[in-house]
Every structure is written in structure tokens, then in C-alpha cells.
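Protein chains get the first letters and strands the later ones, always in sequence-line order, with residue 1 at the start of each. Model, not experiment: these values are computed from the prediction. All values below come from the heavy atoms of this structure, side chains included, with hydrogens, waters and symmetry mates left out.
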Amino acid sequence: GIQVEQSPPDLILQEGANSTLRCNFSDSVNNLQWFHQNPWGQLINLFYIPSGTKQNGRLSATTVATERYSLLYISSSQTTDSGVYFCAVAPGYSSASKIIFGSGTRLSIRP
Amino acid sequence: GAVVSQHPSWVICKSGTSVKIECRSLDFQATTMFWYRQFPKQSLMLMATSNEGSKATYEQGVEKDKFLINHASLTLSTLTVTSAHPEDSSFYICSERSAGGAGAFGSGTRLTVV
């Protein structure tokens with residue numbers, strides 16, 4: 001099956017810094033999403049981005065499907081950005097195509 | 001996009017009892033739903049694929065007799081943890097996905113077996 005790797009596994013930054021999180025995947029994908037998991041476990045969908053670039057406020061994401069990677073950028077980090085960020089992919093178009101998660105990046109923003 | 005409702009949000013049960021978790025698709029007829037399990041400080045691991053009107057498909061290493069999945073309608077899938085033990089304590093989350101679209105996830109169920 002498809003493999004999803006995220007890096008770095010842990011990232012500690014000062015408030016105001018910028019960060020880049022990476023997601024590599026081993027096969028072509030039809031679906032790629034970035035999530036932030038809040039302290040209660042809920043997955044907050046940040047981007048649905050199987051290809052191209054999107055921006056939402058301080059966050060942006062780029063997926064280069066031909067090179068099988070995606071990047072999540074967080075600018076001017078705030079303490080509320082702390083938490084675990086997951087990349088998740090599905091290789092197929094069908095609704096039955098499994099969504100596979102990467103191992104996550106744990107981000108800690110220090111005041 | 002699709003909206004998924006999952007409950008209960010948390011449950012505490014005694015060892016040896018069974019617990020049922022429900023996952024409802026609120027605005028989409030989901031022929032397929034997925035169930036994940038997450039242990040502390042780990043990622044979400046796919047447990048099984050729930051198929052409406054037929055048997056679920058389980059991932060390698062997941063006991064199908066312990067984790068019973070029922071998908072009797074296009075809007076409801078249930079996961080029953082049978083004869084729960086403390087090692088089954090975990091965070092369980094369901095999801096659905098429309099063809100070619102993004103996945104929608106329930107808010108999760110935190111199970112504690114004492």
C-alpha cells in the first residue's frame with residue numbers, strides 16, 4: 001500500500017517564527033489533506049490539496065503531485081498553532097479508496 | 001462538503017463489557033465508511049472499511065470478531081468493541097469520502113476500559 005512520511009516528527013519554535021512541514025508519499029494520489037488535531041482529538045481540516053497551491057490566512061500549502069510531496073507553511077506562528085499536524089492521502093478517486101495518514105508532526109510554539 | 005456525526009464522544013466501560021460507537025453521515029449517502037484507531041502520541045491507523053449492505057473489510061492484524069462493524073444503511077455505520085479490555089482503550093474515529101472529494105471525519109470517541 002501507499003506509504004506516507006512526514007517530517008520533521010517534532011518541531012519547537014518561538015512565537016512569530018515561520019515553519020515548513022513536509023509530507024512525502026510513495027505513489028500517485030487523488031486526495032491529499034492536511035489536518036490539525038486539537039487537544040480533544042478532533043481533526044480540523046486545513047486544506048484539501050491533491051495538487052497546486054492554496055492559502056488561508058497565515059497558512060498555505062503546496063502539493064507537487066508529480067514529485068509526490070506536499071508542504072504546509074505556517075507563517076508568524078502563534079501559541080495556538082501548537083499541536084499535531086497530519087497529512088492524509090487516498091490513492092484512488094473512488095469513495096472506497098482508503099485514506100492513509102502520515103505519522104504526523106508535533107509542533108510546539110513557545111511564547 | 002460531507003458532514004459526519006459520531007457519538008458518544010467519550011465512554012468509560014468495565015472490562016468484559018461491549019461498547020457501541022455510531023457514525024452517521026448527515027448530508028451524504030455513504031456506501032463506504034472507514035474506522036480508525038489512535039493510541040496516545042501516535043498516528044491514526046485504519047482498522048477497517050465499512051461497506052453498506054455487506055461485510056466489512058479489516059486491515060491486517062485487526063480482530064474482526066472483536067471489532068464488529070455494521071453498515072446497515074447508507075447513513076449509519078457502527079463499531080462495537082466486544083468484551084473490551086484495558087488495551088482496547090483508545091481514540092476511535094470514523095470517516096467517509098465522496099468520490100474524488102475530501103474525507104470528512106467524525107469528532108472521535110475516546111474509550112476508556114477500566
Side-chain angles (χ1 to χ4, degrees), chain A residues 1-7 9-10 21 23 25 28-52 54 56 61 63 65 70 82-108, chain B residues 1-10 25 28-54 56-60 62 71 74 77 90-112:
Chain A
I2 193 168
Q3 304 296 313
V4 186
E5 295 181 354
Q6 289 186 245
S7 60
D10 296 279
L21 284 58
C23 173
F25 40 96
S28 58
V29 299
N30 182 267
N31 172 25
L32 188 147
Q33 292 175 260
W34 282 98
F35 295 95
H36 178 204
Q37 189 169 37
N38 68 20
W40 297 271
Q42 189 173 6
L43 291 172
I44 308 300
N45 183 54
L46 301 177
F47 293 104
Y48 168 65
I49 186 166
S51 63
K54 291 186 177 179
N56 184 4
T63 297
S70 182
S82 295
V84 184
Y85 290 80
F86 288 107
C87 166
V89 306
Y93 178 88
S94 163
S95 62
S97 181
K98 302 173 186 178
I99 299 175
I100 305 300
F101 282 77
S103 53
T105 292
R106 186 172 299 275
L107 178 64
S108 299
Chain B
V3 179
V4 177
S5 174
Q6 182 175 347
H7 76 272
S9 299
W10 58 271
S25 175
F28 172 68
Q29 292 187 326
T31 56
T32 303
M33 299 184 85
F34 303 100
W35 287 94
Y36 296 83
R37 178 170 54 184
Q38 184 182 31
F39 291 109
K41 298 190 184 300
Q42 293 187 22
S43 184
L44 284 81
M45 300 303 296
L46 181 65
M47 298 175 65
T49 301
S50 170
N51 303 299
E52 188 268 336
S54 65
T57 306
Y58 291 82
E59 296 298 304
Q60 191 173 10
V62 177
H71 194 154
L74 288 171
S77 176
S90 188
F91 187 67
Y92 295 86
I93 192 165
C94 64
S95 80
E96 66 178 16
R97 175 185 174 224
S98 58
F105 288 79
S107 54
T109 298
R110 193 163 302 280
L111 170 64
T112 302

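Chosen from B/S107, B/G101, B/A30, the residue pairing most often with chain A at heavy-atom distances under 4.5 Å is B/G101.
A donor-acceptor pair is defined here as one N or O able to donate and one able to accept, closer than 3.5 Å; no such pair exists between the side chain of A/R106 and the backbone of B/K41. Under the 3.5 Å distance criterion, the side-chain polar atoms of A/Q6 are matched with a main-chain donor or acceptor of A/G104. For B/T32 (side chain) and A/S95 (main-chain N/O), no donor-acceptor pair under 3.5 Å exists by modelled atom type.
Ring centroid separation for the pair B/Y58 and B/F34 does not come in under the 6.0 Å cut-off. Ring to ring, B/F39 and B/F91 are not that close: their centroids are 6.0 angstrom or more apart.
Side-chain contact annotation: B/Q38 with B/S90, donor-acceptor N/O pair under 3.5 Å absent. In this structure, a donor-acceptor pair under 3.5 Å is absent between the side chains of B/T49 and B/T57.
Contacts between A/Y93 and chain B at a heavy-atom distance below 4.5 Å involve backbone atoms as well as side-chain atoms. There is no contact between B/S9 and chain A, counting heavy-atom distances below 4.5 Å. At a 4.5 Å heavy-atom cutoff, the contact between B/L44 and chain A is made by backbone and side-chain atoms alike.
Looking at every heavy atom in both residues, B/C94 comes nearest to B/Q6 through N-OE1, 3.2 Å.
Using a 4.5 Å cut-off between non-hydrogen atoms, the part of residues 30-40 of chain A that approaches chain B consists of A/N30, A/N31, A/Q33, A/F35, A/Q37, A/W40.
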